[in-house]
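Contents: one structure, followed by commentary.
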Amino acid sequence: MTDRLPEWMLRDLSLPRLRRYIRAAHGDARAAERLYWWNIEVSAALLGSLHCLELALRNALHNALVRHHGRPDWWTAAPLNERGHRLVDDARRSCGRRLRSTTPDDIVAELSFGFWVSLLSSGYDRCFWVPVLHVAFPHHRGRRDRLYRDLTSLVLLRNRVMHHEPVHHRHLAADHDTIYRVLGYLSPELAKEARAMDRFPAVLADRADALSGTRPPRF
């Protein structure tokens with residue numbers, strides 16, 4: 001079926017990468033091509049809300065931990081596990097390679113979305129969630145484990161979007177709802193602003209037309 005894909009597409013995007021779309025399109029090369037472009041479009045449409053969620057989560061958790069420990073480099077006093085300490089050390093080294101001097105704010109910005117979400121895991125329930133981090137979610141009244149599951153799923157989505165991987169197979173409408181539900185726990189004001197610029201609902205609504213080839217992707 002690859003002989004029906006443009007030669008430049010096979011050369012520039014690579015057959016191993018395109019095979020996942022060909023399989024999803026049941027061997028229809030033209031449908032696979034359209035699916036590839038729609039995957040780019042929908043990934044771009046998710047980027048803004050994921051951006052807001054990642055920054056809001058990072059800042060909410062960091063600020064709560066700064067207040068609790070009374071220092072901007074709270075990780076030097078907090079009971080991080082071995083993996084947590086390793087990730088902080090990796091972030092410090094990464095900053096050191098780029099910057100003449102490293103501040104706590106530099107390290108905070110370097111730490112990954114996955115690191116911040118890991119602070120809500122069951123292993124940190126008594127040392128982080130109960131005494132400190134529940135206050136970072138002023139509009140959340142549910143269980144920590146549900147919140148952690150939601151955020152873990154969004155870390156996977158975010159990583160696929162950022163690394164240009166397929167997301168078309170996910171229940172994207174549910175993912176989108178989860179982004180705004182969690183963002184609303186942190187900041188209803190930011191959630192409202194993010195929705196105002198959010199293109200995702202229109203992109204999802206146009207999925208059938210985009211994949212049938214009746215309109216080009218818009219990104």
Side-chain angles (χ1 to χ4, degrees), residues 40 43-140 144 147-165 167 178-180 182-194 196-198 219:
I40 293 176
S43 294
L46 286 164
L47 190 57
S49 55
L50 285 169
H51 167 106
C52 292
L53 175 62
E54 183 169 353
L55 290 185
L57 179 73
R58 172 207 296 173
N59 291 324
L61 298 186
H62 172 63
N63 291 337
L65 288 162
V66 168
R67 288 192 299 269
H68 183 74
H69 290 285
R71 54 191 302 166
D73 58 344
W74 55 265
W75 45 85
T76 63
L80 288 170
N81 60 25
E82 182 178 351
R83 179 175 180 273
H85 281 298
R86 185 173 68 252
L87 291 174
V88 171
D89 289 341
D90 289 346
R92 185 183 293 110
R93 281 193 293 270
S94 179
C95 289
R97 288 191 291 269
R98 297 182 288 103
L99 304 169
R100 288 180 177 233
S101 62
T102 300
T103 68
D105 283 344
D106 296 325
I107 294 173
V108 167
E110 189 71 23
L111 288 165
S112 70
F113 190 22
F115 169 84
W116 297 105
V117 171
S118 74
L119 300 182
L120 305 174
S121 64
S122 60
Y124 285 134
D125 185 74
R126 294 298 168 186
C127 58
F128 279 158
W129 176 257
V130 172
V132 190
L133 293 185
H134 68 279
V135 302
F137 301 87
H139 304 279
H140 175 64
R144 176 204 53 78
L147 179 63
Y148 177 67
R149 283 197 302 272
D150 285 344
L151 280 164
T152 298
S153 178
L154 294 178
V155 168
L156 296 176
L157 174 64
R158 180 263 186 207
N159 289 345
R160 296 193 77 82
V161 166
M162 296 303 293
H163 293 96
H164 321 305
E165 295 293 331
V167 297
T178 300
I179 291 170
Y180 280 100
V182 178
L183 189 54
Y185 297 154
L186 294 160
S187 172
E189 299 87 354
L190 180 56
K192 180 180 178 180
E193 289 298 314
M197 61 84 190
D198 195 339
F219 46 80

Practice task
Kindly indicate, with the supporting measurements, whether the criterion side-chain contact (heavy atoms from CB on, under 4.5 Å) is fulfilled by Leu65 and Leu119.
Solution key: CA-CA 11 Å; Leu65 288 162; Leu119 300 182; 4.0 Å; yes

Any donor-acceptor pair under 3.5 Å linking the side chain of Ser49 with the backbone of Leu46? yes

For Tyr148, the ring pair (Phe, Tyr, Trp, His ring centres under 6.0 Å) test, sequence neighbours excluded, returns none

Between Leu183 and Ala194 the two heavy atoms that sit nearest each other are CD2-CB, 4.3 Å

Sorted by chain and residue number, the salt bridge (Lys or Arg N to Asp or Glu O under 4.0 Å) partners of Arg98 (sequence neighbours excluded) come out as Glu110

Rounded to the nearest 0.5 angstrom, the SG-CG distance for Cys52 and Leu190 is 4.5 Å

task = Start with the C-alpha distance between Ser43 and Glu165, add both sets of side-chain angles, then the distance that settles side-chain contact (heavy atoms from CB on, under 4.5 Å), and finish with yes or no.
result = CA-CA 9 Å; Ser43 294; Glu165 295 293 331; over 6 Å; no

Of all heavy-atom pairs linking Val155 and Val117, the shortest is CG2-CG2, 3.6 Å

Self-check item: Test item: His85 side-chain N/O and Leu80 main-chain N/O as donor-acceptor pair under 3.5 Å
Solution: yes

Residues Cys127 and Pro131: closest non-hydrogen pair is O-CG, 3.4 Å

Distance col, row Leu61:CG vs Leu186:CG, nearest 0.5 angstrom, shows 7.5 Å

Trace of the side-chain contact (heavy atoms from CB on, under 4.5 Å) decision for Thr76 with Val88: CA-CA 10 Å; Thr76 63; Val88 171; over 6 Å; no

Would you call the rings of Trp74 and His62 parallel, tilted or perpendicular, where under 30° means parallel and over 60° means perpendicular? tilted

Between Ala77 and Arg71 the two heavy atoms that sit nearest each other are CB-CD, 4.2 Å

Ring pair (Phe, Tyr, Trp, His ring centres under 6.0 Å) filter on Tyr185, not counting sequence neighbours, yields His140

d(Asp150 CG, Ile179 CD1) to nearest 0.5 Å is 11.0 Å

When every non-hydrogen atom of Leu133 is compared with those of Ala64, the smallest separation belongs to CD2-CB, 4.2 Å

Looking only at heavy atoms, the pair that brings Leu57 and Phe137 closest together is CD1-CZ, 3.6 Å

Margin query: Using modelled atom types and a 3.5 Å cut-off, is there a donor and acceptor pairing between side-chain atoms of Ser118 and backbone atoms of Phe115?
Written below: yes

Exercise for review: Output yes when a side-chain donor or acceptor of Tyr124 lies under 3.5 Å from a complementary backbone atom of Pro79, and no otherwise.
Suggested key: no

Looking at Asn59, is its backbone amide N or carbonyl O close enough to the side chain of Asn63 to form a donor-acceptor pair, meaning the two atoms are under 3.5 Å apart? yes

In this structure, CD of Glu193 is separated from OG of Ser187 (nearest 0.5 Å) by 9.5 Å

message = Looking at Arg86 and Asp89, is any side-chain nitrogen of the basic one under 4.0 Å from a carboxylate oxygen of the acidic one?
response = no

Between Asp106 and Thr103, is any side-chain donor less than 3.5 angstrom from a side-chain acceptor?
yes

For this session: Starting from the C-alpha separation in whole Å, work towards a yes-or-no answer on side-chain contact (heavy atoms from CB on, under 4.5 Å) for Arg58 and Val108.
Result: CA-CA 8 Å; Arg58 172 207 296 173; Val108 167; 3.6 Å; yes

Distance col, row Ser94:OG vs Leu111:CG, nearest 0.5 angstrom, shows 10.0 Å

Between the side chain of His134 and the main-chain N/O of Val130, is any donor-acceptor distance below 3.5 Å?
yes

dist Phe113:CZ -> Asn159:CG (nearest 0.5 Å) comes out at 8.5 Å

* Asked: Is Arg92 reaching over with its side chain to a backbone N or O of Ile107, donor-acceptor style, under 3.5 angstrom?
  -> no

